[in-house]
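Here the structure comes first, spelled out in structure tokens, and everything after it is commentary.
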Protein chains: 2
Amino acid sequence: MYDTQSTFKAIADPTRRAIIGMVADREMTIGEVTDRFNMSRPAIAKHLRVLRDGGLVSVRESGRERFIKFEPSALKDVEQWIEHFSHFWDDKLSKLKAAVEKDEA
Amino acid sequence: MYDTQSTFKAIADPTRRAIIGMVADREMTIGEVTDRFNMSRPAIAKHLRVLRDGGLVSVRESGRERFIKFEPSALKDVEQWIEHFSHFWDDKLSKLKAAVEKDEA
DNA sequence: TTGACATGAAACCATTTGGTTTCCTATATA
DNA sequence: TATATAGGAAACCAAATGGTTTCATGTCAA
């Protein structure tokens with residue numbers, strides 16, 4: 001299990017957030033991700049490691065390629081932390097959501 | 001105007017997230033915040049500077065004291081980024097949201 | 001008005017971060 | 001089999017980060 005701190009650290013970098021946006025669309029190899037940045041492959045590989053440590057992506061090996069897949073559950077944790085404060089800006093939605101979650105429990 | 005990157009950076013640190021939780025409850029002076037951590041006052045002051053740069057707190061001066069106040073709107077921006085991916089874990093809400101947005105278009 | 005209190009600011013330090021280049025290994029393919 | 005391709009790993013570097021100590025400043029209160 002990854003810890004929430006690693007997830008916060010992972011999404012703090014703009015390159016990594018861009019990577020998340022890409023692989024959330026579809027699985028991509030490390031090479032494909034690298035091609036979309038003006039940055040060396042090892043640099044991207046390091047970012048991917050941080051993303052994996054934060055539970056935001058997983059890696060599937062196939063031959064000599066590694067496919068990067070978005071893993072959403074970690075982001076959900078971050079969202080839940082933010083939800084603690086959402087009543088500050090959105091009273092209506094937060095009440096609705098609380099009601100929905102109560103029904104599902 | 002603060003930029004979203006500063007906000008992501010600000011919430012990446014556990015001490016700063018703890019500070020947010022405290023001052024969201026009520027306004028606190030820098031000294032009060034410091035008292036709740038095993039850390040020097042200048043260290044806390046630095047964290048508060050980062051939080052202010054990220055738009056997460058504001059400072060009200062009163063005599064020799066500075067009152068730190070939580071500012072929620074920056075967190076809302078982070079939440080909106082996460083919302084881009086929320087359909088991965090929350091199909092019901094995402095379908096509702098998509099429907100609403102379609103109606104509004 | 002003198003001293004205590006709340007904070008700011010600067011200098012310093014070790015570690016982390018985000019990048020590079022270079023070299024190595026394994027898998028496809030001509 | 002020889003070569004190109006995908007990626008891993010290590011060494012290195014500059015800058016940013018998160019902390020410290022020390023000193024200066026303004027405000028409150030005895």
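Numbers restart at 1 for each chain; the letters A, B, ... are given by sequence-line order, proteins then strands. Computed from a predicted model, the values in this text were never measured in an experiment.
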Review point. Taking A:Arg66 as the fixed residue, which of A:Glu27, A:Glu32, A:Glu61 is the one that meets the salt bridge (Lys or Arg N to Asp or Glu O under 4.0 Å) rule?
Key: A:Glu61
Practice item. Side chain of A:Glu65 only, please: which of D:dG19, D:dG7, C:dT7 is the nearest? Key: D:dG7
Study note, to complete from the structure: Considering only heavy side-chain atoms of B:Ile30, the closest of C:dT20, D:dG8, C:dG8 is C:dG8
Roughly, in whole Å, what's the span from [atom1] in [X] to [atom2] in [N]?
| X | N | atom1 | atom2 | result |
| --- | --- | --- | --- | --- |
| A:Glu32 | D:dT5 | CD | P | 16 Å |
| B:Arg66 | D:dC28 | CZ | P | 12 Å |
| B:Phe8 | C:dT17 | CZ | P | 18 Å |
| A:Asn38 | C:dG19 | CG | P | 11 Å |
| B:Met28 | C:dT7 | CE | C1' | 16 Å |
| B:Ile11 | D:dG18 | CD1 | P | 13 Å |
| B:Phe67 | C:dA6 | CZ | C1' | 11 Å |

Review point. Do you see a donor-acceptor pair shorter than 3.5 Å between the side chains of A:Ser58 and A:Glu71?
Key: yes
Point to revise | Interatomic distance, A:His47 atom NE2 to A:Phe37 atom CZ [nearest 0.5 angstrom] | key: 8.0 Å
Check your understanding: OG of B:Ser40 to NZ of B:Lys46: how many Å apart, nearest 0.5 Å?
Key -> 8.5 Å
**Study point:** B:Met39 vs B:Ile44 side-chain heavy atoms within contact, under 4.5 Å
**Key:** yes
Check your understanding: Below 4.5 Å, heavy atoms only, C-beta onward: do A:Leu75 and A:Ile11 meet side chain to side chain?
Key -> yes
Review point. Hey, does the side chain of A:Arg41 come within less than 4.0 Å of C:dT21's phosphate (OP1/OP2), counting only N and O?
Key: no
Review point. Going by heavy atoms closer than 4.0 Å, what residues in residues 44-51 of chain A are next to DNA chain C?
Key: A:Lys46, A:His47
Study note, to complete from the structure: Each nucleotide of nucleotides 24-30 of chain C classed B (base within 4.0 Å of a protein heavy atom), S (only sugar-phosphate) or -, in 5' to 3' order, makes ---BS--
Check your understanding: Honestly curious: do A:Leu56 and A:Phe67 fall in one hydrophobic cluster under the side-chain, below-4.5 Å linking rule?
Key -> no
Check your understanding: If you count the non-hydrogen atoms of other residues, nucleotides and ligands that lie under 6.0 Å from CZ in A:Arg49, is the total more than 12?
Key -> no
Check your understanding: Which of parallel (below 30°), tilted (30 to 60°) and perpendicular (above 60°) describes A:Phe70 and B:Phe88?
Key -> perpendicular
Study note, to complete from the structure: The residue, A:Ala43 or B:Val59, whose nearest nucleotide of DNA chain C is more 5′ is B:Val59
Study note, to complete from the structure: The residue, A:Lys9 or A:Thr29, whose nearest nucleotide of DNA chain D is more 5′ is A:Thr29
